[in-house]
K.L.:
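Have a look at the structure that comes next, please.
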Amino acid sequence: NHDCKSCHSGFKLIEATTDKYQQGICLQTEACPDGYANNPQSGGCAKCADSCLTCDGTGSSNCKTCKSGWLYLVDNVGNYTSGTCVEGSNCPDGYVLHQPINCLAQCPEKYFPSEKKICTL
């Protein structure tokens, strides 16, 4: 049955359909599954932004990790916001790539940007 409006204690309501779960089902879990974030208003699980694998909110800058093929922006640079995922294999202007999926404003200590803006030792 996929038309629940609320769930019993110890269950979370899935509030939107993804490739894994149907809207309106109750999952026996304390935490929302990947692809969903806790909805503080309803106590259910709201869908993450499409680019996020995991998130702590529904906005595009609430990602904690990104889907495959996307890069995670760790820092705020220009019009880009930390917690956002961008599609592709190259970081936006102003970023350097560190540990294949993170875009940083600058390389960490002991690392230096290569010509291709990739942090190397």
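We count residues from 1, following the sequence as given. These numbers come from a predicted model, not from an experiment.
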K.L.:
When you compare the side chain of Leu27 with that of Tyr21, does any pair of heavy atoms fall below 4.5 Å?
P.N.:
yes
K.L.:
Closest approach of Gln22 and Thr17, non-hydrogen atoms and distance?
P.N.:
OE1-CG2, 3.6 Å
K.L.:
Checking side chain to side chain contact (heavy atoms under 4.5 Å, CB included) for the pair Phe112/Cys119: CA distance, chi angles, key distance, verdict?
P.N.:
CA-CA 5 Å; Phe112 299 93; Cys119 297; over 6 Å; no
K.L.:
State, to 0.1 Å, how close Cys55 and Gly57 come at their nearest heavy-atom pair, and which atoms those are.
P.N.:
SG-O, 3.1 Å
K.L.:
Return all side-chain donor-acceptor pairs below 3.5 angstrom for residues 81-91, not counting sequence neighbours, or 'none' if the list is empty.
P.N.:
{"residue": "Ser82", "atom": "OG", "partner": "Val74", "partner atom": "O", "Å": "2.7"}
{"residue": "Thr84", "atom": "OG1", "partner": "Thr81", "partner atom": "O", "Å": "2.7"}

K.L.:
In Å, rounded to the nearest 0.5 Å, how long is the span from CD1 of Ile14 to NZ of Lys20?
P.N.:
11.0 Å
K.L.:
Side chains of Tyr36 and Thr18: closer than 4.5 Å at any heavy-atom pair?
P.N.:
yes
K.L.:
Compare the SG-SG distance of Cys26 and Cys4 against 2.5 Å and report whether it is shorter.
P.N.:
no
K.L.:
Answer yes if Val77 and Trp70 sit in the same cluster of Ile, Leu, Val, Met, Phe, Trp and Tyr residues linked by side chain heavy atoms under 4.5 Å apart, and no otherwise.
P.N.:
no
K.L.:
Pair Thr120, Tyr111 - check side chain to side chain contact (heavy atoms under 4.5 Å, CB included), show working.
P.N.:
CA-CA 5 Å; Thr120 55; Tyr111 286 82; 5.6 Å; no
K.L.:
Enumerate, atom names and distances included, each donor-acceptor pair closer than 3.5 Å involving a side-chain atom of residues 100-110, sequence neighbours excluded.
P.N.:
none

K.L.:
Could you check Leu73 against Tyr95 for side chain to side chain contact (heavy atoms under 4.5 Å, CB included), going step by step and ending with a plain yes or no?
P.N.:
CA-CA 8 Å; Leu73 304 184; Tyr95 285 95; 3.9 Å; yes
K.L.:
Hey, what do you get for CZ (Phe11) to CD (Glu30), rounding to the nearest 0.5 Å?
P.N.:
10.0 Å
K.L.:
I'd like a table of donor-acceptor pairs (distance under 3.5 Å, sequence neighbours excluded) in which one partner is a side-chain atom from residues 42-52, with atom names and distances.
P.N.:
{"residue": "Ser42", "atom": "OG", "partner": "Glu15", "partner atom": "OE2", "Å": "2.2"}
{"residue": "Ser42", "atom": "OG", "partner": "Asn39", "partner atom": "ND2", "Å": "3.3"}
{"residue": "Ser42", "atom": "OG", "partner": "Gly44", "partner atom": "N", "Å": "3.0"}
{"residue": "Lys47", "atom": "NZ", "partner": "Asp50", "partner atom": "OD1", "Å": "2.4"}

K.L.:
Would a distance-only check, ignoring hydrogens and angles, find a side-chain to backbone donor-acceptor pair under 3.5 Å from Thr54 to Asp34?
P.N.:
no
